[in-house]
Structure formats: structure tokens, C-alpha cells
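The chains referred to below are lettered A, B, ... by the order of the sequence lines, with proteins before strands, and numbering in each begins at 1.
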Amino acid sequence: MKIGVFVCHCGSNIEATVDTASVAGTARAFPDVAYATDVMYSCSEPGQDGIIQAVREKGLDGVVVASCSPRMHETTFRRAVERAGLNRYMLEMANIREHVSWIGKDREANTNKAAELVRLAVEKLRRNRALFPKSFDITRRVLVIGGGVAGIQAALDCADGGLDVVLVEKTSSIGGKMAKLDKTFPTVDCSSCILGPKMVDVAQHERIALHAYAEVEEIGGYVGNFEVKIRKKATFVDWSLCTGCGLCMEKCPSRKSHDAFNEGVGLTTAINIPFPQAIPKKALIDARFCRQFLKGKCGVCAKVCPSGAIRYEMEDEVITEKVGAIVTATGFDLFDHTKYGEYGGGRYPDVITSLQYERLLSASGPTGGHVKRPSDGREPRTVVFVQCVGSRDTSVDRPYCSGFCCMYTAKQAILTKDHIPESQSYVFYMDIRAPGKLYDEFTRRAMEEYGARYVRGRVAMIYPKGDRLLVRGADTLMGEQVEIEADLVVLAVGAEAAAGSPALAEKLRISYDKYGFFMESHPKLRPVETNTAGVYLAGACQGPKDIPSSVGQGSAAASKVLGLFSRQKLESDPQISQVNQRRCVGCGKCALTCPFGAVKMIDVRGEPKAEVIETVCQGCGICAVTCPQGAVQLEHFTDNQILAEVNALCQS
Amino acid sequence: MSPFETLKEKIREALPGLDCVIGWRQGFDPLHATPFFMRAPEDVEKLVWSPLCVHNLSTYLPSFRGKKVGIVLKGCDSRGVIELLQEKLVERENLVLFGLPCSGVADLTKLGRAAGDLDRVSAVAWDEAGFTLATPRGEVRVARRDALADKCLSCQFPNALEADHLPGDPLPPATGPDLGDEELAALEAMAPADLMARWAAEMSRCIRCYACRNACPMCVCRDHCIAQSRDPHWLSQEDSPREKLMFQLIHTMHLAGRCVECGECQRACPVDIPILALRRKMNRVVRELFDYQAGLDSQAVPPLFTFQVEEANIKERKW
Ligand SMILES: Cc1cc2nc3c(=O)[nH]c(=O)nc-3n(C[C@H](O)[C@H](O)[C@H](O)COP(=O)(O)OP(=O)(O)OC[C@H]3O[C@@H](n4cnc5c(N)ncnc54)[C@H](O)[C@@H]3O)c2cc1C
Ligand code: SF4
Ligand code: SF4
Ligand code: SF4
Ligand code: SF4
């Protein structure tokens, strides 16, 4: 074998603390190394051309590039090697930047370490072999999970791009949090006026199949060919017949049901359509409150429904859809403020959450858009907003900033003044975070034009005083205690991962952070991709995000899907496990441990043996370390390749 | 009829439908029993049951895979069968399990130490209190606790945990000292360098016979053992304590969450290297991390044969 070694300066990034010429010199003595040189920028065009030229002129069979982390440039150099006529797996990288030059200043020690890493790469490369991807067909349909604004955008963009879309929404209507908002910052335009038309587009788009009140139960398969089981929960109403006329809601005698859409401010009927603009506009029975279910008799809705749509005996239904890509847009949930005992722990009716306040402000809300105190229906004069409730607070394990609360609080202060001109708002804040376009101007307007009084500091305690609430906090700018008697307190509760996110992530085989938010593949360069091919993220499920960013990500995810599907066929990564069937004793341990279900047991002349399904295997290597026989080897990372590296390191 | 006689009767009844029944018979000298494969009802007369039936016969089962066989089991041996069942290396419907309550087996090394030379022991007898060896120097009496295998002194499972026939009254768990624990505690108290030196010294005696591996019921790689294959090249032929210890560590790793602590590895070692301590250490780790002991429940899934995103006792995110 003839190996070429290219040691990169990375400008001065590496060269400043590593003598690259000497590393190249040392490398010339390594086995099979036929050529070694140092290069200024190996990733640049002349750098890559140099590699290609050397391969051709010196007849190299493999290339070691000693430079940066393979994370960024492995694909770059693989392509270069391929252009030079070699198999792309005849490349090894030695990371002498992140692992050497950036972490040590001692030039001599760095130079030695760099040479050792090159030695490892050479030893590994000597055991590499050409690998070839397989190609397979794509199911050109996409599944969007979550029908908030991000999911709606992703679904519409995919459908407009000519793809069939399956949209699964957990609740009985799409719209997500945005459907509950009154107005939106920074332009204060009506939320349902801008979201409503998009929701209608979803309903009317011939390429979108909407499954509301449904959840993803199981996901099998792999990029290009996922098989998804969707549980359509029983609504007890035949939606093919329901016209959304709402007669049932008028007549239902159970009028004290929890109103989830209105965040529990106000009550609703056991059978209900959550809001007038709901898509689909279909009724649903909440069995926790329905008399027919609780007492076994009632049947009023069945009697009044003009289309005979009521089905008390309905059961969940599980359907299967085949798709080639998945966009998750499951959004966020709100921090549970009852964890703060000092704010009343949910005991005071006039201490409400910001989203409840949105419902009070909304013309379609339970109060018809009149701001009234939940306790006595009185119009508040003094409203106190408390920011960072469940954000940036390590004591409740929420160290992160929820991003949009500063902005929506300013919006709510402005709207309060609009609704009740003689009112006075106070905002307790930690810092104002308003970095978006027109955002800072917006918070200034709340203060300067709308007279909201901003107090920098935390609220220490809220407790009742007569029929009002006493809010005690610190004004850290003035260095004094403040006490405000308020009629209404609005808590700007932070964002949390949507309930059930970790479980969904596990079904999707994607990672999630400590808080349950889904992990993107790269925080800067691959923000809507995940590390599972064919699964993309959009909106607040990846982390708190306002509407413009959520919509942006919805479109970005759609463009990734369209890009993926624009290929004729997909190529599988050949860095996957393979079973040496002569070694396999058929114990099935690999099949048990594989997190992707990629190992199947087959019968070979009467003996059980393991087999890896090439397209399903993600190359994680778990089976390889499980098999005691060493019968499973992960291509490109075989035991022998890794042992060669260990030996090179330990015996040199 | 004694429980042993009852068992023999059951074996005779079952034999026509079986390929063979594995038990023990008298070996080449009074001190040795030897594994015995009964094929015909008349073979059953030669079956023995005594404190000299040391071997864990479950080791043989995987090689009979697909055939119907019976096997005689002590409590500890049954854990091997259970583990094999869990790992689908044997099929329950192909097995007939004949269990006997076991009050402990002899450790021949210990007896040898008492007798001076095992080869010259001409007869052996035992009772509740101990063993009597006839030697050229005269009779040697060895107290029970100085004669039994360490594992038997604190045995928690004297009755087969899974059996089709289990004649006789079940025995209670033993209450003797846990010598294995004491040995581990002593090892754990050593400084790493001393510990390494100790293992290097012990392993320098290893003759790489692989008797330890061959005796282990959970060593199921058959003729593909990584120790002898040079592809993948985990071990070289080099005759150094390092390579030998490496094999012990590979064995220990392969046995993680699978080792049933039958002690066969150490018993089989012709040069008495105390290698069981390594397995015990691993077992303890598995117990602490996964609250799991191998070979107790044939329906359980060994902790290392599942994939879990987050383990209850491994706080990866806190690392
Ligand atoms: C009080 C308040 C006021 C706000 N005001 C503004 C504002 O004025 N301007 C602005 O830009 N932003 C505002 N925001 C932020 C805005 O709500 C979010 O940016 C936006 O809702 C994010 O959209 P999304 O689609 O990512 O998530 P969501 O709106 O949370 O939608 C997620 C959807 O997915 C569904 N879902 C969840 N889990 C599953 C599952 N497992 N399977 C199927 N479906 C599932 C949910 O039911 C929901 O319909 C405000 C937020 C709050 C709390
Ligand atoms: S773990 Fe190894 S021996 Fe067991 S089935 Fe899988 S490949 Fe075969
Ligand atoms: S490497 Fe093994 S465990 Fe990992 S996905 Fe492939 S088959 Fe499954
Ligand atoms: S490693 Fe030793 S103690 Fe453990 S099962 Fe194997 S032979 Fe028995
Ligand atoms: S039985 Fe003893 S001598 Fe033989 S390989 Fe095992 S440890 Fe070494």
C-alpha cells in the first residue's frame, strides 16, 4: 500500500504550536507511507488539488490528512480523494487542531503528539478497505408531527412543493399556542387573522391528510422508508358526518368541563369544538365530563345532532402510514408556576399565567375580550407582570431563557393599556431581552408610549390583601424594596419541552437535551437536521422560539425534505455492521441490544444466525461490542482497525 | 426411597425419550467424580451423587442444542441453565431438568492441602461434620468448612431454581462466611501498583491451557474464541503476563451480567490462579448498577442485552 500524508498548517491555527514540516518528516518513516508533506490550507482549492495531484503522480492508494476535526471536513476530503480516483473510505483524518494545537502551547510536545496521531491514522488506513454504498428507493411522502404554526408552515411548504403530507396533531385542532394568542409582537396584529388563513389552507390542501386528535405510536424503518403507526384517539363523534354546527354544544347539560383551549379560564361543555376557527371544525366528547360516560345516561347530543354523528361506543383506531421523511414540530408547554409557593402556588385566582391572560384579552375568549379578574369579574386597574417565572432560575432547574417572555409581556402591557386606558401596568424583569428586528423598539414603546413601569428585580412574594394582591419585590436599580397593590398578577411562565417529548424522541431515535428539547445535528450549521437521517425539527420543540423563528424553521425543514426527495434514490452509508455468520452462534444478543431494530435473526441451514439490515443499521456499533464472539464487525471501525490504532499508540 | 433413588427412577423413566441424561459417575480415583452421559436405562446404576460431584454440567448443554437431553443439577448449576435459557443458547422444551438439594461440594485443592498429596489418597468418606481421607500417613480428618468450596459456605441457592423433578426437601441457604467477599475486600484495599504487581505475578503462572474457559458454562463462542483467533487480533501469542491477564479481562467483560458465580473457572485452573475474584468484582458492579444477578430468572433480560437511552443508576448526564 502507498500512503500519502498531508499535514495542514490551518494558517497559523496549527502551525503556531506544531512543527508541521517535522511531523511530515517523521511520517515518512511510518510503514507504507510513500509521500508526506505539509500544506498551508489543505481544505482550500489548491490544497485539495495538491492531494489529488499527489495521488495521481505518486500512485497513492490512501490518504491521511492531519488537520482539523473530521466533523467538518471529512466529507470535503472524502470527495477530494474520490475525485483523485480512490474509494472515499481510503481516507483517514488525524485531528491535530482541536486535539493538539488548540489545547497545548508546548511546541515540542505538540509536534510529538501530532506525529503520534498521524501514526494512528496511518495504521488504521493500512487496514481500510473500499466500501460502497447501496442505493434504494424513496417514499416521497412526509409526516409532520405537531400542528402548531411551525408544523403548519412545514406542511404547507412541503405540500406546495408537490409532496403528500401526513399531519398529526395531538389535540382536536391545529393552531398550537399561536391560536390561543390575542395579538402578536412586534406588530400587534391579530393572531387568528394571520394564522387562520394558513389553517384553512391546511384543511383545503389536497396534498395534506390531517389527523387531528391523534398521536404517533410507533416509528419503524429508516430515511426514505419509514413506517409510522398513528393512534387516532376516540372522539366519540363520527367526523365524516359532523358538520361543526355546534348544536350539541348548545344543548349539552354538562357545562362544567375543563376548557383546555381557554387554559382553564372559564368552563365548557363535555362535547365541544374548542374554538370557532378550529381546523378541523369538529366536535369531540371529553369522556371525563360527559354524563353518558359518567352516569350511563344522557344521550342529549346524540338526540340533537342533525347528522347523527355521535358514537359513544367509538374506540381508538391505529392506522399505518408510509413516509420518507419526518418533521417534528411538537412545540413547547408552559412551566408549572404552582412550583413557586411564594407566588401563591396556584392558590390565588387573580394570579394567572400569561397564556391565560392572552385568553382574557382575546375577543374570542371566555370573556369576549373584556379583561376581568377571574375572582370577581371586576376590571383590574393595576396589573403586575412578573417575568422569568420558571426561566433563568436554577432553583427550579430551569437555567435557560425562554426567549419570548420579555416580548410578550411588553405586548400584554401595551394591550392592557389599550383595553383599559386608566390602568397602570408594572413589569418586574431581570433583563430585557429583545434582540429581534423591531423588538427593542417595541419594548421601549411599552414603557414610553404606554407608560408601563418597568422594575428591575425579582418578586419575592405575592399575598392577598383584602380583595387585592400585595406584590413585594426588589428594585435592584434603586436598591430598595417595592410593594405594589395589584388587582391582577400575570406570571410570564417560561417554556418547557412539550409533555412526552423524551418518549417521542426515543420513537424517532433522535437525541434530546436535559430538559427534553430535541437536539439539532449542529447548533449553528445544521439547526433543523437531527442526527437521524430523514428526521427534521421545526419550531419550539428544539428550544423556545417566537413565531417568526418557528415559521422560519418550518420552511427550512420543508426545504430539507424537498431537497432530500429531489434525489432519484438515496444512498445508504456503508459504515454499518456486518455479521460473520461462521462466527455467529445465533444467541441473538445483538438483536436485543440494537436500538434501531436493525438486526434480524435468520435461519441458515437449520441454525439461527444474525443478519444486519443494511438500510436500517445506523452504524452505532452497539451490536459489535455486545457480541462476545466478535462476529459482528462495524465496517470502517473493525476490531482490527481499532486495535491497530491502540497498538500504534501503546507500543510506539 | 431416598431422594437420590427417586431421581434415578425418574431418569430411567425419561431416558427413552431423550438423547442422553448428563450426570456424574465415579472417576479414576476415589476423590474424583467425572461427568457421565447416560444413554440407556442400565447406565443409571452408575450415576453418583456426592460432595465430589463438583462439575457444573450445564457447560455441556449448548453442544446438545436442538437435541432432547436431561441433566442433573445442583443449585448453582441450575443458574447456568437459566442463563443459557435466557440467552437462547438452549431451548427449554428440549431439556428435562433433574434437580437435587445440595449441601456443598468439596474443594479438592483444600483437601489436597490437608492430605499432603491427593494422588495418594486411597479412600474418602464424609459425614455432616467433615471428610475423612485415607492417606499413607494414616487417616486425615478435615472439618467441613475447611473442605468445602468457598462458594458453598455461603451458598444462597442450594436447590435448583428451575427443575422438572426436585425430589427431597429443599435445603435452606447456607450461613457460613462469605470468603469471596473477604478476598475481594483485601484486593480492593491494595494500591493499584501493588494490585497490578500481584496479578502480574499470579498470571505469570498461567499456562494458557484455557481450562478456565472450557469449564465456564457461559463461554459459548465454541471454536471462535477471541483468545485463539488472530482475526480480530485481540490477543497475540506472546507469552507474557500482560497477554494472559488481558484474556482474563476479556473473559470477565464477556461475562458481565452473565457470570453465575459457579466458580468452575477457578476450580478448573490446574495451577490454582484465583481468577474468580475478577468475575466476582464484575458481578458486584453489575449488581450495584443494574440490581441484577445472573441466572435467577429465565424470563429476565440480562442488563447488558438491552438498550436503554437512560439507565436508572448510571447518571451519564451528570458526568
Ligand atoms: C403567552 C404567550 C404569548 C406569546 N406571544 C407571542 C407573540 O406575540 N409573538 C410571537 O412571535 N410569539 C409569541 N409567543 C410564542 C409562540 O407561542 C411560539 O413561538 C409558537 O407557538 C411556537 O410554535 P410551534 O409550532 O413551534 O409550537 P406550538 O405552538 O406549541 O405547537 C405545537 C403543536 O404540536 C402539538 N403537539 C405537541 N406534542 C405532540 C405530539 N406528541 N404529537 C402530535 N402533536 C403534538 C400541540 O398540540 C400543538 O398543536 C407567545 C407564547 C406565549 C406562551
Ligand atoms: S451477538 Fe454475535 S453470536 Fe450472538 S447472534 Fe449476534 S452476531 Fe451472532
Ligand atoms: S451497528 Fe449494530 S446495533 Fe447499531 S444500528 Fe447497526 S445493527 Fe444496530
Ligand atoms: S466465569 Fe467462572 S464463575 Fe462465572 S460462570 Fe464462568 S465458570 Fe462460572
Ligand atoms: S485455567 Fe488457569 S492456567 Fe489455564 S488459561 Fe485459565 S487461568 Fe490460565
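Few gaps surround CG on A:Asp603; more than 12 heavy atoms of other groups in view lie less than 6.0 Å from it. Atom CZ of B:Arg92 has more than 12 neighbouring heavy atoms from other residues, nucleotides or ligands inside a 6.0 Å radius. Heavy atoms from other residues, nucleotides or ligands lying under 6.0 Å from NZ of A:Lys339 number more than 12. Annotation: B:Glu93, atom CD; neighbour count of heavy atoms from other residues, nucleotides and ligands within 6.0 Å is above 12. For B:Met190, the CE atom sits in a packed shell: over 12 heavy atoms of surrounding residues, nucleotides or ligands are nearer than 6.0 Å.
Only the side chain of B:Leu89 comes within contact range of chain A, with at least one heavy atom under 4.5 Å from a heavy atom of that chain. With a threshold of 4.5 angstrom between heavy atoms, B:His254 approaches chain A through side-chain atoms but not through N, CA, C or O. Within the 4.5 angstrom heavy-atom criterion, only side-chain atoms of A:Gln633, from C-beta onward, approach chain B. For a residue to count as touching a neighbouring chain, one of its non-hydrogen atoms must lie under 4.5 Å from one of that chain's; by this rule A:Pro502 does not touch chain B.
Looking only at heavy-atom pairs under 4.5 Å with chain A, the residue among B:Ser229, B:Cys221, B:Gly66, B:Pro62 that has the most is B:Cys221. Chain B forms more heavy-atom pairs under 4.5 Å with one residue of A:Asp639, A:Val646, A:Thr638 than with any other, namely A:Asp639.
In terms of heavy atoms, B:Arg65 sits closest to A:Val585 at NH1-O, 3.0 Å. Taking every heavy atom of both residues into account, A:Leu592 and B:Phe305 meet most closely at CB-O, 3.0 Å. Between A:Arg582 and B:His224, the shortest heavy-atom contact is O-NE2, 2.6 Å.
Taking 4.5 Å as the limit, some side-chain heavy atom of A:Gln629 sits within range of a side-chain heavy atom of B:Val220. For the pair A:Arg583/B:Pro232, a side-chain contact is recorded, criterion being any heavy-atom separation below 4.5 Å from C-beta on.
For the atom pair CG of A:Leu643 and CH2 of B:Trp234, the computed distance is 4.5 Å after rounding to the nearest 0.5 Å. Here the SG-CZ distance, from A:Cys650 to B:Arg242, works out to 7.5 Å after rounding to the nearest 0.5 Å.
When atom types are taken as modelled, the side chain of A:Asn640 and the backbone of B:His233 share a donor-acceptor pair closer than 3.5 angstrom.
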